[in-house]
Amino acid sequence: PHQFHLRLSSAERGRVTKLLATSVIRGSEQGDSHGGAYLVDFDKRTVEQVLDWNTPDIDWTGRGWDRGLRGAAFAGNDVYIAASDELFVYDKRFQSRRGRRSPWLKHYHEISRFGETIFLTSTAFDAILGFDLQKQDFTWGLRLEPESGRIAFRTFDPRREPPPAQTNAFHLNSITATERGLFIAGLKAPGLLRFANGALAVIASLPPGTHNAQPFRDGILFNDTNADCVRFVTPSRQRTFPVPRYKEEDLTCRDLDDSRIARQAFARGLCAVTESVVAGGSSPSTISLHDIDANKTLSMVTLSNDIRNAVHGLAVWPFD
């Protein structure tokens with residue numbers, strides 16, 4: 001059963017909306033579920049699993065790889081959710097599934113929509129892909145390449161250019177698209193990058209192991225995964241929220257991860273809920289609500305006690 005903790009006050013309840021969470025089950029076996037999608041309502045204290053991902057046609061080699069569902073975005077009445085190498089489209093009842101592939105999309109991690117384009121990280125190729133919502137096709141790409149102590153880059157058309165050999169030099173795992181440009185980060189990137197007006201620049205340093213780095217208000221919000229916490233950092237202050245931890249005896253499937261990679265308190269999945277409240281994900285699949293201004297954790301829900309089951313993507317559900 002799903003466990004809600006730290007009940008919201010009446011004042012806080014009105015500020016929290018329903019969230020869509022996606023998950024990856026690391027180290028799962030072929031034929032098992034290896035992820036899913038959940039609608040989580042903190043106000044009503046309800047969880048509904050809307051997708052169970054158990055397709056056998058994936059790469060089962062180590063870590064998360066092709067397992068599970070990653071980030072989500074919305075356009076009109078459509079819900080876009082990506083797996084490792086395919087972008088799926090659902091209606092808001094999670095029916096009428098169709099998929100869009102590109103040879104450039106492999107080991108995808110995160111997704112962000114701005115205007116009529118959805119941007120996705122293609123981690124295997126150190127690339128960002130742009131999916132045109134009108135054309136329903138991948139029409140734009142940005143590829144990063146290490147070059148003599150700096151990052152070279154180029155844009156390309158994924159419809160006309162075949163991908164090179166897989167590189168994963170930067171392990172891109174974060175993308176946020178805004179009117180100020182594309183904000184990009186990765187485990188092996190030198191910091192938070194911004195691509196705007198045809199230029200790429202490092203705008204802030206990040207600690208090793210960062211996930212979901214993104215601009216937020218006057219600072220940067222990110223999962224400091226190696227330190228098991230969520231951080232909000234500005235030039236003048238810092239807020240730190242520890243990731244929830246569980247007693248070892250309360251965790252399940254501790255002996256089923258053949259890759260020996262799954263661990264608890266792995267922080268991944270992050271989104272702004274309001275101007276003050278942010279939602280962070282962790283393993284085993286847990287979602288926590290943090291209030292930046294009040295500097296406190298408001299509430300949390302445990303979706304699973306399976307140590308392999310980790311939240312991957314979080315997004316505010318825009319429908320009633």
Taking it one step at a time, do N305 and T252 satisfy side-chain hydrogen bond (donor to acceptor under 3.5 Å, both in side chains)?
CA-CA 6 Å; N305 287 96; T252 63; over 6 Å; no
Same apolar cluster: [X] and [Y], side chain cutoff 4.5 Å:
X    : Y    : value
L314 : L303 : yes
F216 : V16  : no
L221 : L192 : no

List the residues meeting side chain to side chain donor-acceptor pair (under 3.5 Å) with [X], not counting sequence neighbours, and say none if there are none.
X    : result
R231 : D224, Q238, T240
Q134 : E116
S285 : N309

Between atom [atom1] of [X] and atom [atom2] of [Y], what is the distance when rounded to the nearest 0.5 Å?
X    : Y    : atom1 : atom2 : result
L193 : F170 : CG    : CZ    : 8.0 Å
T176 : I111 : OG1   : CD1   : 12.0 Å
R217 : S276 : CZ    : OG    : 6.0 Å
S174 : I184 : OG    : CD1   : 10.0 Å
I128 : L144 : CD1   : CG    : 6.5 Å
T46  : D41  : OG1   : CG    : 4.5 Å

Quick one, F42 with L289, criterion side-chain contact (heavy atoms from CB on, under 4.5 Å). Give me CA distance, side-chain angles, the key distance, then yes/no.
CA-CA 9 Å; F42 277 86; L289 299 179; 3.6 Å; yes
Can you name the salt bridge (Lys or Arg N to Asp or Glu O under 4.0 Å) partners of E147, sequence neighbours left out?
R150
Does D306 have any salt bridge (Lys or Arg N to Asp or Glu O under 4.0 Å) partners at least two apart in sequence or in another chain, and if so, which?
R308
List for me each residue that meets ring-ring contact (aromatic ring centres under 6.0 Å, His included) alongside [X], sequence neighbours excluded, and say none if there are none.
X    : result
H109 : H171, H312
F222 : none
Y108 : none
Y246 : none

Assess the residue pair N173 and E110 against the criterion (side-chain hydrogen bond (donor to acceptor under 3.5 Å, both in side chains)); give the C-alpha distance rounded to whole Å, side-chain angles, the decisive distance to 0.1 Å, and a yes or no.
CA-CA 6 Å; N173 62 22; E110 276 297 338; over 6 Å; no
I want to check something: taking the side chain as every heavy atom from C-beta on, are L298 and L6 in contact at a cut-off of under 4.5 Å?
no
One pair to check against side-chain contact (heavy atoms from CB on, under 4.5 Å): E145 and I151. What are the steps and the verdict?
CA-CA 6 Å; E145 300 171 342; I151 301 178; over 6 Å; no
For ring-ring contact (aromatic ring centres under 6.0 Å, His included), just list the numbers for F131 and W140, CA-CA rounded to whole Å, side-chain angles, deciding distance to a tenth of an Å, and then say yes or no.
CA-CA 7 Å; F131 182 82; W140 181 86; over 10 Å; no
Can a side-chain donor-acceptor contact be found between T297 and H290 if the only test is distance below 3.5 angstrom?
yes
Identified salt bridge (Lys or Arg N to Asp or Glu O under 4.0 Å) partner of E86 from the options R101, R98, R100
R101
Take V79 and W317 through the test side-chain contact (heavy atoms from CB on, under 4.5 Å) and record every step on the way to the result.
CA-CA 10 Å; V79 180; W317 183 248; 3.9 Å; yes
Using a cut-off of 6.0 Å, state whether more than 12 heavy atoms not belonging to K296 lie near its atom NZ.
no
A177: which residues meet the side chain to side chain contact (heavy atoms under 4.5 Å, CB included) condition with it, sequence neighbours left out?
S112, F114, F119, L182
Contacts of R45 meeting side chain to side chain contact (heavy atoms under 4.5 Å, CB included) (sequence neighbours excluded), chain-then-number -> F4, R7
For residues F125 and H107, establish whether the separation of their ring centroids is below 6.0 Å.
no
Side-chain donor-acceptor distances from residues 87-95 under 3.5 Å, at least two apart:
| residue | atom | partner | partner atom | Å |
| --- | --- | --- | --- | --- |
| D91 | OD1 | R93 | N | 2.8 |
| D91 | OD1 | F94 | N | 2.9 |
| D91 | OD1 | Q95 | N | 2.8 |

